[in-house]
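Worksheet for the structure shown next.
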Amino acid sequence: MKKTVTDFLLIENKQLNKDNFLLVLQSPVTVSDIFPGQFINVEIKGSPEIFLRRPFSVLDVDYKKQTISLLVKILGRGSKKLTEAQPGETINAIFPLGKSFTLPDNKDHILLIGGGSGVAPMLFLSKTCQLNPANVTVLIGARSVSDHIDISEYQSYGMFYFTTEDGSLGEKGYVTDHPVFSEQFNLYNKIYACGPDLMMKAIGRKAIDEEIFCEVSLENMMACGFGVCLCCVEDTKTGHKCVCTDGPVFNVNDLKW
Amino acid sequence: MKKTVTDFLLIENKQLNKDNFLLVLQSPVTVSDIFPGQFINVEIKGSPEIFLRRPFSVLDVDYKKQTISLLVKILGRGSKKLTEAQPGETINAIFPLGKSFTLPDNKDHILLIGGGSGVAPMLFLSKTCQLNPANVTVLIGARSVSDHIDISEYQSYGMFYFTTEDGSLGEKGYVTDHPVFSEQFNLYNKIYACGPDLMMKAIGRKAIDEEIFCEVSLENMMACGFGVCLCCVEDTKTGHKCVCTDGPVFNVNDLKW
Amino acid sequence: MVNLGIKIHELDFKNPVLTASGTCGFGEEIADFFDLSLLGGIVVKGTTLKHREGNAYPRMAETPSGMLNAVGLQNKGVDNFISNIYPRIKDLETHIIVNVNGSTIEDYVALTERLNELEKIPAIELNISCPNVKEGGMAFGISCVSAEAVVKAVRKAYSKTLIVKLSPNVTNISEIAKAVEGQGADSVSLINTLLGMAVNAESRKPVLSTVTGGLSGPAIKPIALRMVWQVYNAVKIPVMGMGGIMNATDALEFMIAGASAIQVGTALFIDPTIPVKIIDGISEYMERHKIQSVNEIIGSLQC
Amino acid sequence: MVNLGIKIHELDFKNPVLTASGTCGFGEEIADFFDLSLLGGIVVKGTTLKHREGNAYPRMAETPSGMLNAVGLQNKGVDNFISNIYPRIKDLETHIIVNVNGSTIEDYVALTERLNELEKIPAIELNISCPNVKEGGMAFGISCVSAEAVVKAVRKAYSKTLIVKLSPNVTNISEIAKAVEGQGADSVSLINTLLGMAVNAESRKPVLSTVTGGLSGPAIKPIALRMVWQVYNAVKIPVMGMGGIMNATDALEFMIAGASAIQVGTALFIDPTIPVKIIDGISEYMERHKIQSVNEIIGSLQC
Ligand SMILES: Cc1cc2nc3c(=O)[nH]c(=O)nc-3n(C[C@H](O)[C@H](O)[C@H](O)COP(=O)(O)OP(=O)(O)OC[C@H]3O[C@@H](n4cnc5c(N)ncnc54)[C@H](O)[C@@H]3O)c2cc1C
Ligand SMILES: Cc1cc2nc3c(=O)[nH]c(=O)nc-3n(C[C@H](O)[C@H](O)[C@H](O)COP(=O)(O)OP(=O)(O)OC[C@H]3O[C@@H](n4cnc5c(N)ncnc54)[C@H](O)[C@@H]3O)c2cc1C
Ligand SMILES: Cc1cc2nc3c(=O)[nH]c(=O)nc-3n(C[C@H](O)[C@H](O)[C@H](O)COP(=O)(O)O)c2cc1C
Ligand SMILES: Cc1cc2nc3c(=O)[nH]c(=O)nc-3n(C[C@H](O)[C@H](O)[C@H](O)COP(=O)(O)O)c2cc1C
Ligand code: FES
Ligand code: FES
């Protein structure tokens, strides 16, 4: 669909745990063709310190209800302010933005790895690709069980595994410490990841080494989100590419990792 | 009392008519000795366009309940935003600021003239001076009856007269068109005024001509409100004076009117 | 109906609202948001003779009411512009102006000569004020001598409307404006970004890969407005104003201070439809103030 | 306990947080809000040899994340300072620094000589950067030649700590800083306000009586930070940084970029207790980062 600047209506703002919120936005315009990895760029009002919009990955779309949901993790002033918005408020956003993940097909065995708010596009991907759940493995990392978000809604789309840094849920350590990653990596023919830089680099490098298809979604800082400012660039093998338009999803083979 | 930077609790925000709101602020510190003409300098959050505080005259003080009330008229972005505040919100203000009117005593016959939000210090004065109501005349000007605020709470402190530009309440025209002003001015030995510049100048000049004591409360634009920036100056016979500390109340004989 | 048309040198603009270089790509990137033919003009991305990768990431820092950028003129070079982009945008019904950059006078001239051949490019904006490149850029724009030299050389190579974009990082911008007017510039545009910096106190590192970058957005509006007014009073050629314009009121302030046209930059990142809102807002203002032609507003400051 | 003490030339400050000239009166005006002895120092209102009425009202315009002022050095002159104000503030347990202004070099010198006699004034801040006066002021601070001349003359007349306050309205602030260092300045403070302007679009008039005024507040922080960093790298004398500091993080950014001390200006209008919050915030930061002495922070930018 065409990019638009749209006034959404915030219809739900649910605190999932200490730092994570689920926001559901009702669209006044018809929402169509939104794919996992795409994002929307949200205006955050009410603070003189916030000048630019903030990009958020689409967590889910309900085409019937014409809603888009976001997973917002409090990191700084913008995300904090956004989570204080009340249902009934208008939230202006530019959408849809960015390129999506390459959707797998039913011959594929896929591994989705999400860390922090990077879980959002992974959950959306698990739901969108509609594969045999046995062929979909989702590995989710968090600091602690209290940072972990409830994924029961997505449970049926794949097999879920967890790591926490303190061992309070699933395997103790990082996602890269989990056997799914350390021992079974080459059982998959497509790897998808979104999360902190270090995590994505570790995954990407392993995928490159083992010559497995791997796409990651980057979160470079953006000014515009639609390809005009050239601020969000990632240094790729073919030069500086805009994360907002050439990405945020990149094949790790194209990156200088 | 000492000036402080205080977090008040907004306990009431009542829309009086289209543009006027009554705000009641609960003080966490003991409020004492606030006099008519004094003001508080309010921080207005939530808009990147509002950098400075906005001064508002004290409309009333309840020393028992430790509350201060303000009459806020929507004029621009700051006043607009302030009137959107919800009871329960914190409102930060610096107070008390400025010098008050010279209080009349019970030998005096006083005329109080208020225009627009300038009504606030006039009502507070009528209540504070506790004179024989027969000696207190209050003349209030507004654009139309719909801009006029209900003064019934103050009715017993004096005799009230009204003008409206469209004649929808009281005399048609400006306060200066009212017989109290045009015909009975010299029945009073003390005149007090607050309102638009032109109104105050007309009143002040007449008082100077007829050699009647007259004090006006000015509303020059302020940056600090407590005497450090020297932005709010009024050109007086003894040089530039700060409206925030030497005023806002001035005897018209000291002004270059 | 009010008349929004203005003239820069011999070039007629349907209205005084353009989008600023480096903030609107080649126009195409914002075509989803509104009909580009509504614009007075589009000043496309800074172009150089050769392909440039620009500076390393991070290139951006948010600041109070503004932002710093350190893009460093990333672009694919003039050949790519001529072969791939120009054919796609040349028939847009608005003026396409190319922002011209170089490290040496020879670069500027060589690039200009190429652009001079393009029928549907009626004007160039000579950028002698980019603060984000190591060589050339702002260095040309901060002294009268070097500004004169580059404008003189480019003027010989360019026969159409020559707009020179000035740097605000100078003691006396009027002098520079007069210097470039003296060498045949048809118009000056100002301001480019102010040199600024951001520090991350926790890591004790600069936020930008280049340490310093260019400040833009509403934060700089008062400085831009002052410079437009100073330059308007110093030169006879028309002035294009920019710097922090977010809405029609801002745009009108620049025109009242002396700008014949204005450019919208950073505001596009906040809302790419702002130029259209500005055009509508100017019309509304003119109707309210019973002003027939927008030209009556230009330089109408009473002081 | 962390050590907040810093040194400017031979003068020890209990902490690096001062209040800026023209924004804190003579200290007395803010004494209601906190104990002034908590401050590293107070730079009092700009003082001149003779009484000055300053500019006409309006003198102020609110701008995005900042404000313009056009006060024009309103003050009662040095005699009044010495007879009426000095006796009242001289025993405050913090350094009182007088901000010195003149229209001619002779004025600066005559004023300095008077201040040199005052035992409890350990330093002056020579303001060669006021943008709001018709004569002198910023004119001295925008060329090396005139900056050198005034500093040279004042240096002869003043035996204590001489801080020179620089104007940001220049092409190359490092050059000016080096020039005044060469004439014996003990420290430089920067930045003074940037020259800006505000227009009322409805009335088509300037907002300020003087048309242009000085821009201050968070809007200018990125520019101030860049200049402090440039000057720190150009001179050996200590730098006092200011421009838009609103909180401890801002203050730390300036110190990391090279400021030995910082001054809080416009922020006082928003909240006069900010200096105390900054002092506390710097301590908290040092504890968190296990930094013993605040001197370790100065110029610690890694780039
Ligand atoms: C394509 C994309 C998709 C995203 N999806 C999500 C999402 O689904 N959920 C979610 O919670 N967040 C997401 N983010 C991140 C989000 O946009 C904000 O960057 C984040 O919320 C921090 O903003 P803030 O205003 O709270 O932090 P700020 O106050 O601006 O900054 C706090 C700290 O974080 C750093 N920082 C800010 N933004 C970034 C960034 N993008 N990269 C690295 N460091 C940064 C700052 O330098 C600062 O140190 C996404 C970002 C991108 C680019
Ligand atoms: C001592 C004092 C007491 C005051 N008491 C009250 C009161 O009791 N009730 C009340 O409603 N208001 C009062 N005011 C006015 C109030 O402080 C604000 O100025 C007013 O609300 C406008 O602010 P704004 O942000 O809404 O307007 P802005 O958006 O800042 O400005 C809107 C327009 O009004 C003009 N303007 C703003 N402030 C002033 C001013 N002070 N003088 C002249 N023009 C101005 C601006 O130039 C602009 O054109 C008082 C002001 C002072 C100085
Ligand atoms: C991200 C970014 C990139 C820019 N690139 C260019 C450029 O290539 N050439 C140029 O002349 N100006 C460039 N500019 C400057 C703008 O065109 C404009 O002069 C400046 O940003 C001030 O206007 P604004 O505050 O409206 O953005 C750029 C500005 C930004 C923010
Ligand atoms: C209202 C006002 C008055 C000022 N007066 C003076 C002055 O008399 N002398 C001086 O050197 N600087 C003066 N300044 C400049 C400040 O000291 C400071 O350099 C500048 O405002 C930048 O810092 P800030 O952004 O923290 O305010 C004044 C600033 C303001 C806002
Ligand atoms: S954020 Fe502007 S180009 Fe990507
Ligand atoms: S408002 Fe600052 S001195 Fe009056």
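Below, chain A is the first sequence line, B the second, and so on; all start at residue 1. Predicted model only: the values in this text are computed from it and were never measured.
- A salt bridge is absent between C/Glu62 and A/Arg53: the closest approach of a Lys/Arg side-chain nitrogen to an acidic carboxylate oxygen does not fall below 4.0 angstrom.
- Other residues, nucleotides and ligands contribute over 12 non-hydrogen atoms within 6.0 Å of the NZ atom of A/Lys127.
- Using modelled atom types, one side-chain atom of C/Arg59 and one backbone atom of A/Leu230 make a donor-acceptor pair closer than 3.5 Å.
- Between C/Phe269 and A/Phe226, the distance from one ring center to the other does not fall under 6.0 angstrom.
- Heavy-atom contacts from other residues, nucleotides or ligands closer than 6.0 Å to NZ of A/Lys237 number more than 12.
- For a residue to count as touching a neighbouring chain, one of its non-hydrogen atoms must lie under 4.5 Å from one of that chain's; by this rule C/Thr63 touches chain A with the backbone only.
- Between A/Cys231 atom SG and C/Met67 atom CE the span is 4.0 Å, to the nearest 0.5 Å.
- Heavy-atom distances place no part of A/Asn92 under 4.5 Å from chain C, backbone and side chain included.
- A distance of 8.5 Å separates CG of A/Leu52 from OG1 of C/Thr266, quoted to the nearest 0.5 Å.
- A heavy-atom distance below 4.5 Å is not found between the side chains of C/Tyr57 and A/Asp235.
- Between chain A and the residues C/Ser65, C/Ala70, C/Gly217, C/Gly54, the largest count of heavy-atom pairs under 4.5 Å involves C/Ser65.
- Counting non-hydrogen atoms of neighbouring residues, nucleotides and ligands closer than 6.0 angstrom, the NZ atom of C/Lys76 reaches no more than 12 such neighbours.
- Separation of atoms SG (A/Cys229) and CG (C/Asn69) is listed at 8.0 Å; rounding is to 0.5 Å.
- Distance check, rounded to the nearest 0.5 Å: CD1 of C/Ile30 to NZ of A/Lys3 gives 10.5 Å.
- At a threshold of 4.5 Å between non-hydrogen side-chain atoms, the residues C/Asp32 and A/Thr4 do not count as touching.
- Residues C/Asp271 and A/Val5 meet the side-chain proximity criterion, which asks for heavy atoms closer than 4.5 Å.
- A distance-only check finds no donor-acceptor pair linking the side chain of A/Glu49 to the backbone of C/Pro64 [under 3.5 Å].
- Interface remark: C/Ala61 contributes no atoms to any contact with chain A (heavy atom separation under 4.5 Å).
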